[in-house]
Amino acid sequence: MIHKFREKLIQIFFFLNGLSVILILGGIFFLLLRYTWPAFKEIQMAEFLFGKFWDPTAYVKPAYGILAMLMSTFMVTVGALTIAVPLGIGTAAYLSDVASPKVREIAKPVVEILAGIPSVVIGFLGIVLVGPVIAKLTGTTNGLNAINGAILLSVMSLPTIISLSEDALTNVPKSFQEASLALGGSQWQTLILVKIPAASSGIVAACMLGMGRAIGETMTVLMATGNAPAMPSKLTDPIMTMTSTIAIELGEVPYYTTHFYGLFAIGLVLFIITFIINMVSDIILHRYERQTRY
Amino acid sequence: MELSKDPKIVIQDFDFYYGNNHAVKKVSFDALGREVTSIIGPSGCGKSTLLRCLNRMNDLIPETKAQGKILIDGQDIYEASVDVVELRKKVGMVFQKPNPFPKTIFDNVAYGLRINGYQEKSEIIRRVEQSLRDSALWEEVKDRLTDNGLSLSGGQQQRLCVARALAIQPEIVLMDEPASALDPIASAKLEELIVRLKEKYTIVIVTHNMQQAARISDKTAFLMQGELVEFGATKDLFTKPTRKITEEYITGRFG
Amino acid sequence: MKNFLKIIMVFSVLLLGVADSHAQMIQVKGSDTLINLVQKLAEEYMMKNPGKNIAVTGGGSGTGVAALLNNKCDIANASREMSLKEYEQASDRGITPVTIVVALDGLSIIVNPDNSVEELTKDQVAKIFRGEIRNWSEVGGKDMPVNLYGRQSNSGTYEFMKTAVLKGDFSGKMSRMNGNAQIVAAVQADESGIGYVGVGYVKDSTGIKVLNIALKEGGEYASPLDKIKVDTGIYPLSRPLYQFVNGNPQGDVKEFIAFELSPEGQRIVEEEGFFSIPQEYVGLNKKAGL
């Protein structure tokens, strides 16, 4: 009798735990909605989504457009992925297939450590190290721009991409490898034509999570991308991401003004974007899994 | 492709070690061309190990050693100058558990062709169809070549693996307990297939199913604890075995 | 049991520490222009008056004023006046902001030493920061695009520049830096950069050049480092530096502010590169009881 009761108690405990996570997520979403909703009493949705400039404290007329911000976030995220995806998958393939056990033993912890570097430190490196190098290489006088942000964010998404891709590759059953080799395939052909495609769902999921990390990163871009709200036209332009805007302005905005609600609206956009990315990566992971249950 | 029944594979005083474990002990026998040679014996007797030496798949395992000779068409495959990749194009393999790639049925069979440099689309299509016909799978999949290979039943998957192996036209096909993961009907179909295949290919099959060995093979080698106990025509080995242990094994006295 | 007791002890000490300092801690928040100066003043004050605790943090003038209006600080540092909206919010919340001037600033326009330009009119400064003048050749310099470095919207200096100089919006291409120090660093690293910082940040800085500014074309070009020019307003970008308090300052707060305004405090102001309070603001401070 006591056993049954204890069982039930444990069940309830775990259920509440699981429930609390869902509640927290739902709570955040609800809070965002609640503080976003009043913004649209003053701001037109079209102006918000398609307006180029975000300048709520403008001298003449406040502007609440997020297009330039979206572009900035987009530039820096795509830039980061362009670097981190090939580098990350390549490293993962190296670690899972080519590296000797000794190299693996060293490399894996190093990747973990890379993941643990605080974003302020990376931002700092962006200012004092990466910035001047970029300035010299691109012939500009100032290295705080989209490229800088892209490089820094690629460093921050690499551990995620490497780690999860490597897991995906290691989980490819050896039987596939054997089959390929038995057909006269070389190590390389097996890796590229069999292993990586077989692990593709895990790899894609890894890249999407890395992407989510890049989109949501605040401190690093705040420090090293120049923070110019104008619509960027090239990679060497300074940019201002959605995250930077919120971080910069939320500190001093008077509470419960349109500006205040507007910032929450930006936060909601960020939340929705990351939510969609996570959902899509989840679907990819599961759909492929169902198709190829091995 | 040879037409004669000369010894295709000659195993001469062959030893194999996993580290310190002496898994195959001075085994010698021949496998003739266009015959089915089966290797039987209780679990752990070294039959799979020996099979995997024939296409040097055991090279993948660290700390192994091979001694003695395995001649295929007169050439020792363990000689340093031998290109393992080329060897495996000549000696194909079908594994115990069906392992089609997570690709389409077509791409599964075409894989071997593509990695061996075949590029012309029409040629690939022709060979894929031929292989699927040879492995008695064509009629069942001809309308769904773009389905994923893993969507087939177990027996069909195994025949797909056979087709995949046949596509590159090996001369020898090794089979490592190919029917053990299949239901009786699929198993029977596979056995029919093997009997037909020997018209064109040399087949060496490892099996723990003695009735199967008796049904489909021309020659049988009986291994125990790494040693060759007896080798001979299947009919003879099963009806009048020369060693007592052989008789005991065949009559099921031990597993 | 032993561990448990240890934990209890640590917690009690922490709590006591917090409780104790909270009773006497003066919270000063706000302007980045003022932060170094007020920190120095606070250090000196605390050295002379052991037992008094003053915490000085930044965040920009806007953050300071917001904190004052939310009753989260005792003194708000600001390099600009409070806006109409802020006064309205204050009255809504029953807060009476009282203004005190603690120093005078000559807002300095800085460029890289390799930039050949030496002086600009106030109008040219406005045009440059509004993004209307985009190349240094337009003001007599080299043929290179202008790179703007400014503050963020929480900065009093940002507001001051906007309302007193630009009378319009900053160019969208201006990089919004976190504080004065970052602007200095950016201009040091960028040959075609231009930025605006409090004069206190110019005093010890190498690697930047301070421009002389004239009110009008043909007028006198003055340097922000020249006290007389700043005091008399011949330097066109002079501005007082404020502290706002809720109601006339009392007790510890009053004592600290009195120290800031004393000859000793004003000496520190000058040492930090700013200028002591000119006569015209003494009257204002007297109204606050100081």
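Below, chains carry the letters A, B, ... as their sequence lines are ordered, and counting in each starts from 1. Side chains included, hydrogens not; waters and symmetry mates left out as well; all remaining heavy atoms used.
- Heavy-atom minimum distance, B:Ala136 versus B:Arg159: O-NH1, 2.9 Å.
- Between A:Glu178 and B:Lys97 there is no salt bridge, since none of the side-chain N atoms of the basic residue sits less than 4.0 Å from a carboxylate O of the acidic one.
- Heavy atoms closer than 4.5 Å to chain A are found nowhere in B:Arg56, neither backbone nor side chain.
- Residues of residues 114-121 of chain B lying under 4.5 angstrom from chain A, judged on non-hydrogen atoms, are B:Ile115, B:Asn116 by number.
- For the pair B:Arg52 and B:Phe95, the cation-pi test (distance below 6.0 Å, angle within 45°) is failed.
- Taking 4.5 Å as the heavy-atom cut-off, the residues of residues 76-90 of chain B that approach chain A are B:Val85, B:Arg88, B:Lys89, ordered by number.
- Summarising the geometry, atom CG belonging to B:Leu132 is positioned 9.0 Å from atom CZ belonging to B:Phe106; distances are rounded to the nearest 0.5 Å.
- The pair B:Glu123-B:Arg126 meets the salt-bridge criterion, with a side-chain N (NZ, NE, NH1 or NH2) lying under 4.0 Å from an Asp/Glu carboxylate O.
- A salt bridge links B:Lys189 with B:Glu140: at least one charged nitrogen is closer than 4.0 Å to a carboxylate oxygen.
- Within the model, atoms CD1 of B:Ile203 and OG of B:Ser217 stand 11.0 Å from one another, a figure rounded to the nearest 0.5 Å.
- Contact annotation for B:Leu174: neither backbone nor side-chain heavy atoms come within less than 4.5 Å of a heavy atom of chain A.
- Rounding to the nearest 0.5 angstrom, the gap separating the CG atom in B:Leu152 from the CG atom in B:Leu137 is 6.5 Å.
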Does the side-chain hydrogen bond (donor to acceptor under 3.5 Å, both in side chains) test come out yes or no for B:Ser151 and B:Asn148, once each step is laid out?
CA-CA 6 Å; B:Ser151 65; B:Asn148 195 291; 5.7 Å; no

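- The structure places CD1 of B:Ile185 at 10.5 Å from OG of B:Ser187, a figure rounded to the nearest 0.5 Å.
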